[in-house]
Amino acid sequence: MRLVTTDAIVLRTYNLAESDRIVVCLTRSAGLIRGVAKGARRMKSRFGAALEPFTLIRLAFHEKENRELVAISSADILKSHFALNLKPEVVEVLAYMGELINEFAPPHEADERLFRMLAACVEVLASTNQAQRQLTRYFEIWLLRLAGLFPDLRACTGCGLELTDLVPTFVDAELNAYCTDCRDPQAVSNLSPQVLKLIRATYQLSPVNFVQKHTLTDQEDAIISGLTHRLIARTIERRPRTLVAATR
Ligand SMILES: [Zn+2]
């Protein structure tokens with residue numbers, strides 16, 4: 001048995017037996033883990049409120065070889081976000097992020113950048129109003145990029161021409177990007193210069209800076225979400241269950 005101590009973000013919990021909980025967390029040093037928190041449902045549980053979804057915690061757990069479930073020994077709150085749970089549209093965005101992390105993050109495989117990205121997005125949701133849509137697009141683009149599943153928009157696959165955000169770019173079903181001359185008539189996404197600027201801004205800015213500096217028109221949002229949702233559905237081979245009004 002190995003004891004691991006790491007920062008973690010609680011994604012969801014569900015009940016197990018009479019007094020325990022299963023906790024799904026994205027951890028900084030061990031990636032996605034599922035663990036049993038013994039006695040977590042008792043009134044005077046040692047876990048207190050630390051296992052509320054999207055709380056940032058210092059987590060300690062024991063890993064057993066060949067066991068998928070770890071045994072959680074302690075969870076201390078580093079930052080709680082009680083206010084997040086008061087706004088239904090924020091809860092929807094969090095549920096969506098949680099579902100996608102659960103699908104995309106390989107179990108027990110650390111991804112520091114994914115951890116930091118999720119933590120930063122949760123911070124934005126906790127501190128600003130009405131940024132859910134921009135933030136959700138930001139999150140989707142980064143989730144796909146970190147998984148190597150976002151199209152490379154630097155050069156045309158056909159002729160090698162550098163793709164700038166001055167001319168439209170076309171992306172086909174295989175994630176190849178093309179210039180106007182080489183475009184495949186079957187291209188599924190037509191990215192206008194303004195949409196390309198927005199996508200490139202997500203590469204360069206932190207989530208808080210992105211939502212402060214950029215708003216999305218309905219049309220821009222529809223084009224970007226058309227691309228991200230197609231790529232997500234293709235990866236998880238279904239439509240996310242939590243894809244509802246706030247995240248669309
Ligand atoms: Zn070309």
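Both ligands and their constituent atoms are indexed starting at 1 by order of listing.
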Does one side chain, of His108 or Glu68, offer a donor that lies under 3.5 Å from an acceptor on the other? no
Hey, what's the ring geometry for His229 with Tyr96, parallel, tilted or perpendicular (30° and 60° as the breaks)? perpendicular
What protein N/O/S atoms are found closer than 2.8 Å to the Zn ion (ligand 1)? Cys156 SG, Cys159 SG, Cys179 SG, Cys182 SG
Between Tyr138 and Phe210 (judged by ring centroids, cut-off 6.0 Å), do the two rings come close enough to count as a pair? yes
Hits for ring-ring contact (aromatic ring centres under 6.0 Å, His included) against His81, two or more places apart or cross-chain, chain-then-number order -> none
Apply salt bridge (Lys or Arg N to Asp or Glu O under 4.0 Å) to Lys38 and Asp20, showing your working. CA-CA 5 Å; Lys38 283 254 176 217; Asp20 306 338; 3.6 Å; yes
SB check Arg145 Glu140 (cutoff 4.0 Å): no
